[in-house]
Amino acid sequence: MTNETYDPKSIESKWQKEWEKSGIYQVKEDPKRPKYYLLEMLPYPSGRLHMGHVRNYSIGDLVTRYKRMNGFNVLHPIGWDAFGMPAENAAIKNKSHPAKWTYSNIDYMRLQFKKLGISYDWSREVATCDPEYYKWEQLVFLRMFEKGIIIRKEAMLNWCDTCKTVLANEQAEGGKCWRCDNEVALKPLTQWFVRLPLYAEELLKDIDTLEGWPERVRNMQRAWIGKSVGASIKFNVKDSDKQVEVFTTRPDTLFGATFMSLAAEHPLVEALAKGTGQEKKIKEFKEKTSKIGRLDRIAGNFEKEGVWTGAYCINPATGLDMPIYTANFVLMDYGTGAVMAVPAHDSRDFDFAKKYNLPIKQVISPRSGDIDKSKAYEDDGILIDSGKFTGLESENARNQIILDLSLQGVGKATVNYKLKDWCISRQRYWGAPIPIIYCEKCGTVGVPEKDLPVELPKDVQLTGEGGSPLAKVEKFVNCKCPKCGGKARRETDTMDTFVESSWYFLRYCSPKYDKGPVDPAAAKYWMPIDQYIGGIEHAVGHLLYSRFYMKILRDLNLLKFSETNEPVKNLLTQGMVTLGGAAMSKSRGNIVDPDKIIEKYGADTARLFILFASPPEKDLEWSDAGIEGSWRFLNRVWRICQAGKSIEQSPDLERWTHKTIKRVTSEIERFHFNTAISAIMEFVNFLYANEASVTKDAVNILVQLISPFAPHMAEELWKGLGHKESVINSSWPKFDPAKTADEMMMIVVQVNGKLRDKLEVDPNTGEEEIKKLAQAAEKAAPFIEGKQVKKIIYVPKKLVNIVVG
RNA sequence: GCGAGGGUGGCGGAAUGGCAGACGCGUUGGACUUAGGAUCCAAUGAAGCGAUUCGUAGGGGUUCAACUCCCCUCCCUCGCACCA
């Protein structure tokens with residue numbers, strides 16, 4: 001049939017051309033077939049694929065091919081997360097244009113994908129920097145702006161002085177910029193925000209429906225949303241008409257609130273201190289507090305301190321005066337930036353009270369009744385010393401006290417979320433322009449939808465200095481107000497690239513659609529994504545924004561494919577590819593270049609190894625020795641397929657074949673690709689041991705089983721076996737359960753739970769007979785002799801355990 | 001501190017209450033060979049000549065039977081981290 005020696009280089013390029021020519025991986029909607037939408041996370045066109053990509057796409061391609069052979073109409077598209085700072089930084093460095101850098105990277109990486117033989121429908125390729133793409137997110141921006149879901153406001157934001165832009169919290173983890181690794185500062189800035197918290201409750205509730213997601217990711221999203229139920233309470237400031245509002249989850253401890261702590265940036269701090277003689281101290285304290293770096297704050301590397309503002313407020317429950325402090329551990333951006341301090345029942349307040357000699361009043365008693373006064377008692381319990389609420393359980397007391405406060409008009413039940421507004425504006429060039437015009441007369445005006453897209457001007461000089469590059473492009477900035485026709489200027493900020501990646505998977509459903517972001521009918525057919533594959537690093541950012549975006553599109557009447565519009569049904573978070581136990585990175589110098597591996601062994605070997613070495617969720621340590629093993633195995637497959645000359649079907653071979661189909665199928669179904677491969681390896685080992693009896697049928701099945709892992713080789717072998725159609729168009733082999741049954745049963749004989757012997761018996765042997773045989777078994781008998789048999793356990797078709805005493 | 005996931009040969013890893021270590025790497029021996037870093041065959045958890053004994057981080061428990069279920073302790077990884 002085919003060549004004697006396996007030559008991946010010629011085979012792989014031959015079939016890649018063939019696939020491209022026939023367009024075999026292009027799909028369209030087909031209501032007669034079940035659909036399956038498989039997606040790997042959108043790559044950033046950084047220049048070259050790395051091993052992490054190879055893993056991500058090898059997993060996806062394997063599942064794609066498997067599902068397709070099982071009769072599914074599989075959508076498997078790819079595109080590019082093409083906006084972003086690296087392109088801009090490269091352009092500054094090379095005095096070139098970000099588009100040039102981006103598109104040449106895309107060209108190279110597209111080639112790499114093709115060399116890997118991934119089964120993409122390239123006719124659906126999308127680059128997010130294409131105006132035909134970002135036009136639609138500008139439209140959605142405008143609709144959200146009209147509905148008040150997008151607003152412009154001032155807030156304390158992470159600012160990277162190197163990139164000259166604001167950063168979202170998850171882009172500034174550990175206080176460092178995710179792109180350039182520089183220290184990030186907090187600055188008050190006016191920016192564009194998406195009001196995510198409006199959807200906090202729905203986003204939280206629907207996490208429960210995401211049964212195909214790893215629990216870890218679901219918990220991360222729950223924590224990120226950070227719902228807490230409690231009360232907001234207003235405290236009157238003594239001798240003043242001012243009020244301080246707090247949020248608390250423990251209104252049951254209100255009678256124990258003995259002082260008040262405000263964040264240093266709280267707007268009332270200075271006003272309260274005015275005229276009390278504390279002004280100077282407060283000013284110094286605010287300055288000192290503002291110098292605590294983000295890193296130190298996260299690590300808790302600062303002393304907990306506070307200063308009295310000079311003012312008091314009144315506890316609405318006790319009527320007692322509470323000194324108002326400002327404290328450096330109170331956060332301005334959570335709750336109201338003010339905390340009612342209950343030192344007896346909160347350890348931070350306890351430490352603070354000890355330090356500044358403030359009263360500590362016990363109001364909750366543990367159910368056991370013992371009170372340890374050396375520390376705060378933070379659990380629920382029975383209320384004591386709490387007026388008419390004394391004796392109530394904490395939970396009940398919370399409701400009663402909230403009710404009481406609301407009758408007085410000074411409090412109400414409140415739900416608070418950690419989830420914050422999403423800042424989406426960036427002071428960079430290489431992003432989707434925000435479609436807003438500022439008019440001297442009309443104010444902030446949206447660009448009319450007929451004028452979309454607001455295209456990025458092409459002729460810009462990027463220097464990396466002095467803020468937003470677009471602000472310097474006169475032709476872009478100066479415009480007419482769409483309302484009054486008067487002089488106006490354009491918004492010069494661009495959108496966070498997470499906006500593009502929040503909906504790109506919709507665009508794949510109808511990439512050329514020109515009446516909206518997506519053809520609702522196409523989305524109805526393809527969505528949701530049946531299997532999404534990507535790194536854990538996107539557990540909260542991208543995956544939360546995408547969920548949000550689908551809900552927004554639903555509420556804007558642009559798209560509805562289900563009640564919840566949840567975009568991802570099943571999520572697989574694959575582990576990293578490491579070398580020397582660490583993630584591969586240029587700075588560490590531990591890169592394995594996919595091109596070199598493909599050059600040496602071919603794509604099939606690279607893919608097989610990466611799938612075989614570790615289960616997909618686990619990190620994978622790269623090993624050159626390991627890849628040799630995969631290479632050897634594929635060569636063995638190649639050679640054994642030259643056999644297959646036997647006419648007679650031996651019962652052993654038939655049984656092995658059906659057992660292997662069964663194992664490989666169920667292992668792929670549960671995403672244990674490494675054990676699926678071992679099952680094929682065992683089959684191949686069997687074929688080698690029985691080379692003379694290998695039939696053409698067995699070889700056919702072997703080729704089909706290996707085709708999702710090593711598609712090029714499989715295609716070549718399949719053709720050599722005389723098939724005209726591509727192997728991916730063949731049906732995944734079925735096994736016959738009757739043919740997986742062994743001729744003889746192997747029964748393990750245990751005495752007192754210890755393995756003593758094994759029996760080969762006919763499958764029709766009865767239980768009593770087997771028990772008898774077990775007791776008589778040569779190696780078991782000595783352990784039974786002279787002892788009393790108390791019990792015999794029989795596990796059908798598996799084992800006999802003889803309990804003796 | 002809180003939450004989640006882990007800890008199995010020299011290594012990557014199998015085994016979801018029933019033969020611990022499948023499969024692969026490595027190692028050793030053999031075959032074929034002018035040669036082989038190709039290929040094929042075999043052995044390979046530890047101790048012991050052996051029959052056997054011990055062995056899944058450590059300790060306890062449930063069970064005829066535990067890597068697997070329960071309790072305690074230790075260690076590792078990840079996420080959150082003054083969230084009031």
Side-chain angles (χ1 to χ4, degrees), chain A residues 5 173 214-224 226-228 230 246-250 253 257 261 263 297-300 302 304 327-331 333-342 345-349 351-352 378 416-418 536-537 539-540 573 575-576 581 608-609 612-615 617-630 632-633 635-636 639 663 667 672 674-685 688-689 691 746-758 779 782 790-805:
Chain A
T5 51
E173 268 171 33
E215 201 49 45
R216 179 153 83 118
V217 176
R218 302 209 287 170
N219 283 334
M220 280 164 82
Q221 293 215 352
R222 286 192 187 103
W224 194 259
K227 178 180 182 175
S228 47
V246 302
F247 171 75
T248 178
T249 54
R250 295 296 303 272
T253 63
S261 306
R297 188 165 278 275
I298 287 167
F302 64 99
K304 281 181 199 176
N328 60 4
F329 62 88
V330 178
L331 305 170
D333 56 1
Y334 180 76
T336 62
V339 181
M340 69 173 210
V342 185
H345 305 292
D346 181 288
S347 58
R348 293 157 304 183
D349 297 342
D351 295 343
F352 199 85
E378 297 186 310
N416 202 52
Y417 300 93
K418 281 195 238 178
I536 187 74
E537 66 273 17
V540 280
T573 50
M576 277 187 308
L608 186 85
F609 169 69
F612 177 63
S614 185
E617 319 78 31
K618 269 187 98 165
D619 285 350
L620 178 151
E621 174 69 11
W622 182 265
S623 145
D624 287 335
I627 196 161
E628 286 283 347
S630 294
R632 272 201 290 262
F633 170 65
N635 275 283
R636 275 166 74 78
R639 283 193 303 270
R663 280 176 68 193
E667 294 302 273
H672 286 205
N674 53 337
T675 50
I677 294 168
S678 2
I680 303 176
M681 286 174 166
E682 284 181 62
F683 185 49
V684 170
N685 290 345
Y688 268 81
E691 210 171 328
M746 173 76 80
I747 302 288
V748 169
V749 181
Q750 295 181 340
V751 178
N752 284 349
K754 282 197 172 145
L755 173 71
R756 293 304 177 192
D757 209 343
K758 291 174 186 182
K779 288 182 188 154
K790 287 183 172 166
K791 203 196 253 186
I792 299 177
I793 315 275
Y794 175 59
V795 181
K797 294 176 190 164
K798 274 190 184 147
L799 123 178
V800 175
N801 188 12
I802 303 158
V803 186
V804 297

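So you know, we letter chains A, B, ... as the sequences are listed, proteins then strands, and number each from 1.
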Closest non-hydrogen atom pair between A/V330 and A/G337, with its separation: CG1-O, 3.6 Å
Residue A/S678, side-chain heavy atoms: nucleotide from B/G12, B/C23, B/C25 that is nearest: B/C23
Separation of the C1' atoms in B/U68 and B/A15, to the nearest angstrom: 9 Å
Touch class at under 4.0 angstrom, heavy-atom based, for A/S614 against every strand present: sugar-phosphate
B/U44 and B/A38, which share atom name C1', separated by this distance in whole Å: 23 Å
RNA chain B: 5'-proximal contact among A/L620 and A/R250 (nearest heavy atom): A/L620
Minimum side-chain heavy-atom gap A/N752-A/V803 below 4.5 Å: yes
Euclidean distance for C1', B/C80 against B/U63 (whole angstrom): 39 Å
Between B/G13 and B/G18 - C1' atom distance, rounded Å: 22 Å
Touch class at under 4.0 angstrom, heavy-atom based, for A/R348 against every strand present: base
Short side-chain donor-acceptor distance under 3.5 Å, A/N219 and A/R222: yes
Strand partner of B/A66, provided both Watson-Crick or wobble distances fall under 3.5 Å: none
Closest to the A/L331 side chain, choosing from B/A14, B/C23, B/C83: B/C83
Sugar-phosphate only, base, or nothing, as touched by A/A223 at under 4.0 Å among non-hydrogen atoms: nothing
For B/G55, the Watson-Crick or wobble partner whose two distances fall under 3.5 Å: none
Listed nucleotide nearest any side-chain atom of A/M746, set B/A14, B/A4, B/C19: B/C19
Sugar-phosphate, base or nothing in reach of A/K618, heavy atoms under 4.0 Å: sugar-phosphate
Stepwise side chain to side chain contact (heavy atoms under 4.5 Å, CB included) test for A/K798 and A/I747: CA-CA 5 Å; A/K798 274 190 184 147; A/I747 302 288; 6.0 Å; no
Residue matched to B/C19 through Watson-Crick or wobble contacts both under 3.5 angstrom: none
Partner nucleotide of B/C80 by Watson-Crick or wobble geometry (both distances under 3.5 Å): B/G1
Sugar-phosphate only, base, or nothing, as touched by A/G629 at under 4.0 Å among non-hydrogen atoms: sugar-phosphate
Distance between C1' atoms of B/A42 and B/A47 (Å, rounded): 24 Å
N/O (side chain, A/K797) to phosphate O (OP1/OP2, B/C19) under 4.0 Å: no
A/I536/A/R216 under side chain to side chain contact (heavy atoms under 4.5 Å, CB included): CA gap, chis, key distance, verdict: CA-CA 9 Å; A/I536 187 74; A/R216 179 153 83 118; 3.4 Å; yes
Min side-chain heavy-atom separation A/I802-A/Q750 under 4.5 Å: no
Residue matched to B/G29 through Watson-Crick or wobble contacts both under 3.5 angstrom: B/C41
Shortest side-chain distance from A/K418, nucleotide among B/C80, B/G18, B/C23: B/C80
Spacing of A/F612 atom CZ relative to B/C25 atom P, expressed in whole Å: 8 Å
A/K758, nearest nucleotide to its side chain (from B/C64, B/G79, B/C19): B/C19
Between C1' of B/G13 and CD of A/E617, the distance in whole Å: 13 Å
Closest to side chain of A/V330, choosing from B/A84, B/G18, B/C23: B/A84
Sugar-phosphate, base or nothing in reach of A/E621, heavy atoms under 4.0 Å: nothing
Nucleotide N/O to protein N/O under 3.5 Å, stretch nucleotides 39-43 of chain B:
from: B/U39; atom 1: O3'; to: A/R639; atom 2: NH2; distance (Å): 3.0
from: B/C40; atom 1: OP1; to: A/R636; atom 2: NH1; distance (Å): 2.7
from: B/C40; atom 1: OP1; to: A/R639; atom 2: NH2; distance (Å): 3.1

Ring centroid separation A/F612 to A/F633 under 6.0 Å: no
Sugar-phosphate, base or nothing in reach of A/Q750, heavy atoms under 4.0 Å: base
Residue A/R216, side-chain atoms from C-beta onward, closest of B/C78, B/C83, B/A14: B/C78
Touch class at under 4.0 angstrom, heavy-atom based, for A/S228 against every strand present: sugar-phosphate
Euclidean distance for C1', B/A65 against B/G17 (whole angstrom): 8 Å
Check: A/R636 and A/N685 side chains under 4.5 Å, non-hydrogen atoms: yes
Distance below 4.0 Å between A/R756 side-chain N/O and B/U53 OP1 or OP2: yes
B/A15 OP1/OP2 closer than 4.0 Å to side-chain N/O of A/H672: yes
Candidates B/A65, B/A14, B/C19 - which lies nearest the side chain of A/L755: B/C19
Nearest non-hydrogen partners of A/T336 and A/V246, listed with the distance: OG1-CA, 3.4 Å
Sugar-phosphate, base or nothing in reach of A/K304, heavy atoms under 4.0 Å: base
Non-hydrogen side-chain atoms of A/M340 and A/T253 separated by less than 4.5 Å: yes
Separation of the P atoms in B/A51 and B/G12, to the nearest angstrom: 31 Å
Short side-chain N/O contact to B/A14 OP1/OP2 from A/N674, under 4.0 Å: yes
Test log, rule side chain to side chain contact (heavy atoms under 4.5 Å, CB included), inputs A/F683 and A/R663: CA-CA 11 Å; A/F683 185 49; A/R663 280 176 68 193; over 6 Å; no
Gap in Å between the two P atoms, one belonging to B/G21 and one to B/A57, rounded: 16 Å
Closest-nucleotide ordering on RNA chain B, the 5'-leading residue of A/G337 and A/V795: A/V795
